[in-house]
Amino acid sequence: MTLLAEDVWFRYGRRGPWVVRGASLTVAPGEVVGLHGPSGAGKSTLGRVLAGLVRPQRGRVEVDGAPPRPDRRAGRPNPVQVVHQHAHLAMDPLWKVGAVLAEAGAGAGAVDPALVPPELLDRFPHEISGGEAQRVNLARALLAGPRFVVADEISASLDAITQAGVWRLLLAEVRARGIGVLAISHDGPLLEAVADRVLDFADLAASPDRVVTG
Ligand SMILES: Nc1ncnc2c1ncn2[C@@H]1O[C@H](COP(=O)(O)OP(=O)(O)OP(=O)(O)O)[C@@H](O)[C@H]1O
């Protein structure tokens, strides 16, 4: 089961500039692939395309031969889960952490206490730190039983020690479960430290003679 993007083109609106221009990549099970590039390059957009949250105008995205999407009839979540940079924004401020995780399917003992310590469960999002909130979001994504995780600048707002802790926990979980990760960041050294290989967003673009016009 591989996450595959082949010659993907994406733009916002019918006349907007191409943000993703002929990108192709694969992420294998258990592999951590870094995606590096400057701010505004289109990395998050490509991440959203890979998770099936938006459809490319051209090209294809597949997980094991099928587009990534939830199977609501079978009650199966999307096999590609996204974790975003702004952890607190991804949580309902009126829901306690325990309720957030229960909604994601957490039964007793389903969440590794190293990831979300039990004392956090009875707190509201504004009562936990940014690093703790990001760990809750990682736990929520993992509860969906994903085959792949798009980790989009997940540690950009955290200090170095908290950043290292979040990555250590995520890498332990994905290695243990054979989950593939696309780690998106503008931080090259971070990606070199956590990823098996690092792709440069600029290198994913089609050569100039293949650029689509119109
Ligand atoms: N919903 C949207 N509608 C229109 N344009 C958008 C939308 N989202 C992003 N863009 C534009 O697409 C381009 C790529 O944005 P994107 O967020 O994918 O870049 P990025 O490389 O992830 O940047 P960053 O590292 O700052 O998050 C930017 O020019 C941005 O303004």
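Counting starts at 1 for both ligands and their atoms, in listed order. Small disclaimer: the values here were computed from a predicted structure and weren't measured.
Heavy atoms only, all atoms of each residue included: Gly131 and Leu158 are closest at N-CD2, 3.5 Å. Residues Met91 and Val136 share a closest heavy-atom pair of CE-CG1, 3.7 Å.
The residue from Ser44, Gly40, Gly47 that puts a heavy atom closest to atom 29 (O) of ligand 1 is Gly40. Within the set Asp152, Thr45, Val54, Leu46, the minimum heavy-atom distance to atom 16 (P) of ligand 1 is found for Thr45. If you check each of Trp18, Phe201, Phe10, Tyr12 against atom 1 (N) of ligand 1, the one with the closest non-hydrogen atom is Tyr12.
Close N/O approach between His186 and ligand 1 is not found [any backbone or side-chain N/O within under 3.5 Å]. For the pair Ala41 and ligand 1, the shortest N or O to N or O distance falls below 3.5 Å.
The shell of residues lying under 4.0 angstrom from ligand 1, judged by heavy atoms, excludes Gly16. Judged by the shortest distance from any of its heavy atoms, Arg48 lies inside the 4.0 Å radius around the atoms of ligand 1.
Shown here is Arg76, whose CZ atom has no more than 12 heavy atoms of other residues, nucleotides or ligands within 6.0 Å. Counting non-hydrogen atoms of other residues, nucleotides and ligands closer than 6.0 Å to CG of Asp122 gives a total of 12 or fewer. Within 6.0 Å of CZ on Arg48 lie more than 12 heavy atoms contributed by other residues, nucleotides or ligands.
Among protein heavy atoms, the minimum distance from atom 26 (O) of ligand 1 is reached at Ser39 OG, 2.5 Å. Protein heavy atom at the shortest distance from atom 19 (O) of ligand 1 is Gly42 N, 3.1 Å.
In this structure, Tyr12 and Phe10 have perpendicular ring planes: the angle between them is above 60°, well past the 30° mark.
Sorted by first and then second residue, the side-chain hydrogen bond (donor to acceptor under 3.5 Å, both in side chains) pairs with a member in residues 24-42 read Glu31-Arg197; sequence neighbours excluded.
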Verdict with supporting geometry, Arg177 and Asp112, salt bridge (charged side-chain N to carboxylate O under 4.0 Å, His left out): CA-CA 13 Å; Arg177 303 177 192 208; Asp112 183 346; over 6 Å; no
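For ligand 1, the atoms closer than 4.0 angstrom to any heavy atom of Val19 are 12 (O), 13 (C), 14 (C). Residue contact check: Lys43 has heavy atoms under 4.0 Å from atoms 18 (O), 19 (O), 20 (P), 21 (O), 22 (O), 23 (O), 25 (O) of ligand 1. Each of the atoms 21 (O) of ligand 1 lies under 4.0 Å from some heavy atom of Pro38.
Hydrophobic clustering of Ile, Leu, Val, Met, Phe, Trp and Tyr side chains at less than 4.5 Å, counting indirect connections, unites Trp167 with Leu169.
In this structure, atom 31 (O) of ligand 1 has no protein heavy-atom contact shorter than 4.0 Å.
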